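The block underneath contains the structure these notes are about, expressed in structure tokens.
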Amino acid sequence: LKPSKRREARRRTKPDRGRLLPIASERGAAAQSPGSGMPSLGSTLAEVCPGGWNSEAIALDFVGGCAGDAGDDESILTIVPLVGGQGPPLRCHRGLLRARCSSLPQARAAPGGGVIEVEESRVVVFALLRWVYCEAVDADTSADANFDADDSGISVVASRAVRLGRSWGLRDAGSLQGRVASRRLAERARGSLAEDVLRAYDAGELSDGFFFQAEEAEPLRGGCSAVLRGGSSYFRAMLSGAWAESSRSHEGGKSIDVKVHWPRESLARLLRFLHGAMFVQSADDLRIALDCAKFFEVPSLFAHIGDWVASNLKIETAPAFWRLVEEEPSLMHGSGEGHDDFADADTACFEFHIRHFSKLAGQEEDNDEMEVVKDNVLLHTLSIPLMHRLLSSGLVKMHTAPLKVVVKRFAKAHTVGQPHSAYQDLWARLRPPAVLFNRDHRDSLLPVGEVTVRSFL
């Protein structure tokens, strides 16, 4: 789906519509697979992908690493298309191309970095680089484009880009082929960008010559400065401009150590996450991930946390997860622009609590008349605002009599040690007419079904 359609689909899942759609936790294990955070990595690299008439300046900012100088730099690789001869050469990141392409041609030495001459046009090379950097296939290279096509219906540009990728040993050439062959496969054919970038980072093959010194321990390899700057406001400020951390010229181009006052293990996990790894593997990782996301200002990590929460909701942990989402504004109501592929953790938690309200309240879901368990009721761990949201929706599937018992016990649990008037005030705020309460009340006040003239007689 396009971002606008994803937002429209998300809007249709809001609880005030009176119906529930499948929640994020039912999407299966695919949401937890390595690389699920790659929409953000691809977006980061898309901003520095060479191509177009202004791309030379963008690429120079990228491939210069921390140095940004115009001298010899082993991290720069210049691609010169020999067909057509239009536009400046394409300056790329050597480490990224090597990570993505196993048979990249040998570059000849030249001032400012290596050079590869390609017997192809600029538009074909750019189409391939768009996939290498961000797994993107532009509309004008797809099967539906108004370009010349071969016998299979694939545009000539796309076909030649796939052929060039295969000659370079592109690791996910099959996925690129699937993307350009049919628009219907666009969502299924995921490439290996995350895996390739992470593998290169772990192997030390994707480095701009700087290391992070955290605590009194072995320095951590910084990796690709463009990835760090694009994914974190903290690193963008550190690795841009005239600060000492963003210049190697005073060191003669040698690698430098950058001091970061942060636990080394957490920093190591953050650096791997920015280069394509999963951060959250269990509930124990959530607080560490949140601390990193807030301190280093990493929007994609907030999105990753919300996606993990939405995909791992269980009866025993859902209330705690929802309180966590409530306490962190950055996890509420989705993750903003650029992260439409991630789940809305707040909506997922809301829907989960509606679906499993009886169990969370200590009752069997098919027996409204059963006594509520008095001790260790999970529903009592919710905050008052969250409980109010559930009851205000009118979507709770519990009859009025047992639901009143549940709500009274919730009010008592939250007013222990307070005057009886506090309990009475809270009980009044959580029952009709202050809230819709349950489906019985909602249906009586908001009739559902087809609206006709007879409805108003």
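This is a predicted model, so every value here is computed, not measured. Numbers here simply count residues along the sequence, with the first being 1.
A heavy-atom distance below 4.5 Å is found between the side chains of His388 and Leu430. Leu403 places none of its side-chain heavy atoms less than 4.5 Å from the side chain of His441. The shortest distance between side-chain heavy atoms of Leu176 and Leu128 falls below 4.5 Å. Taking 4.5 Å as the limit, every side-chain heavy atom of Lys412 sits out of range of all side-chain heavy atoms of Trp427. For the pair Leu360 and His353, the minimum side-chain heavy-atom distance is below 4.5 Å. Between Arg429 and Ile384 the shortest side-chain heavy-atom distance falls below 4.5 Å. Side-chain atoms of Arg221 and Leu271, non-hydrogen and from C-beta on, never get closer than 4.5 Å to each other. Between Phe302 and Leu290 there is a side-chain heavy-atom pair separated by less than 4.5 Å.
Atom OG of Ser225 is separated from atom CZ of Phe210 by 5.5 Å, given to the nearest 0.5 angstrom. Rounded to the nearest 0.5 Å, atoms SG (Cys49) and CH2 (Trp131) are 13.0 Å apart. Distance check: Leu267 CG to Arg269 CZ gives 12.0 Å after rounding to the nearest 0.5 Å. Between the CD1 atom of Ile354 and the CZ atom of Arg439 there is a distance of 7.5 Å, given to the nearest 0.5 Å. Rounding to the nearest 0.5 angstrom, the gap separating the CD atom in Gln177 from the CG atom in Leu170 is 11.5 Å. Interatomic distance, Cys92 SG to Leu129 CG, rounded to the nearest 0.5 Å: 4.5 Å.
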Trace of the side chain to side chain contact (heavy atoms under 4.5 Å, CB included) decision for Glu205 with Arg199: CA-CA 8 Å; Glu205 299 169 356; Arg199 181 180 59 252; over 6 Å; no
Full working for side chain to side chain contact (heavy atoms under 4.5 Å, CB included) between Leu220 and Val260: CA-CA 10 Å; Leu220 296 167; Val260 179; over 6 Å; no
Are Phe437 and Lys404 close enough, and set up right, to give a side chain to side chain contact (heavy atoms under 4.5 Å, CB included), and what steps lead you there? CA-CA 9 Å; Phe437 208 54; Lys404 284 184 177 180; 3.9 Å; yes
Residues Phe410, Val377; criterion side chain to side chain contact (heavy atoms under 4.5 Å, CB included); working and verdict: CA-CA 9 Å; Phe410 178 88; Val377 178; over 6 Å; no
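Ala345 approaches Leu331 most closely through the heavy-atom pair CB-O, 4.2 Å. Here the closest non-hydrogen pair linking Gly231 and Pro299 is O-CD, 3.7 Å. Across every non-hydrogen atom of Ala127 and Ala161, the tightest pair is CB-CB, 4.0 Å. Residue Leu301 comes nearest to Ala289 through the heavy atom pair CD2-O, 3.3 Å, listed as atom of the first residue, atom of the second, then distance. Of all heavy-atom pairs between Val309 and Cys349, the closest is CG1-SG, 4.1 Å. Of all non-hydrogen atoms in Pro219 and Asp257, the two that sit nearest each other are CG-OD2, 4.0 Å.
No donor-acceptor distance shorter than 3.5 angstrom exists from the side chain of Arg272 to the backbone of Ala277, with no hydrogens or angles considered. Judged purely by atom type and a 3.5 angstrom limit, Asp172 uses its side chain to pair as donor or acceptor with the backbone of Ser192. The backbone N or O of Leu426 lies less than 3.5 Å from no partner atom in the side chain of Gln424, so there is not a single donor-acceptor pair. Judged purely by atom type and a 3.5 angstrom limit, His414 uses its side chain to pair as donor or acceptor with the backbone of His380. Proximity of a side-chain donor or acceptor of Arg236 to a complementary backbone N or O of Arg229 within less than 3.5 Å is detected. In terms of modelled atom types and a separation under 3.5 Å, the side chain of His93 and the main chain of Leu96 share a donor-acceptor contact. Although no hydrogens or angles enter the test, the distance criterion places a donor-acceptor pair under 3.5 Å between the side chain of Ser232 and the main chain of Phe296. Formation of a donor-acceptor pair under 3.5 Å by the Asp285 side chain with backbone atoms of Ser282 is found in this model.
Residues Asp440 and His399 bring a donor and an acceptor atom of their side chains to less than 3.5 Å of each other. Side-chain N/O atoms of Asp344 and Thr347 include a donor and acceptor closer than 3.5 Å.
Centroid-to-centroid, the aromatic rings of Phe352 and Trp322 stay 6.0 Å apart or farther. Less than 6.0 angstrom separates the ring centroid of Phe235 from the ring centroid of Phe212. In summary, the aromatic rings of His304 and Phe279 are positioned with their centroids too far apart to meet the 6.0 Å limit.
Heavy-atom contacts from other residues, nucleotides or ligands closer than 6.0 Å to CZ of Arg323 number more than 12. With a 6.0 Å radius and a threshold of 12 heavy atoms from other residues, nucleotides or ligands, Gln281 has its CD atom above the threshold. Other residues, nucleotides and ligands place more than 12 heavy atoms under 6.0 Å from the NZ atom of Lys294.
Residues Arg179 and Glu135 are not paired through a salt bridge, judged by the lack of any N-O separation under 4.0 Å between the basic side chain and the carboxylate. Comment: Arg287 engages Glu328 in a salt bridge, judged by a side-chain N to carboxylate O separation of less than 4.0 angstrom.
Tested against His275, the residues Asp202, Val197, Leu270 include a single side-chain contact (heavy atoms from CB on, under 4.5 Å) partner, Val197.
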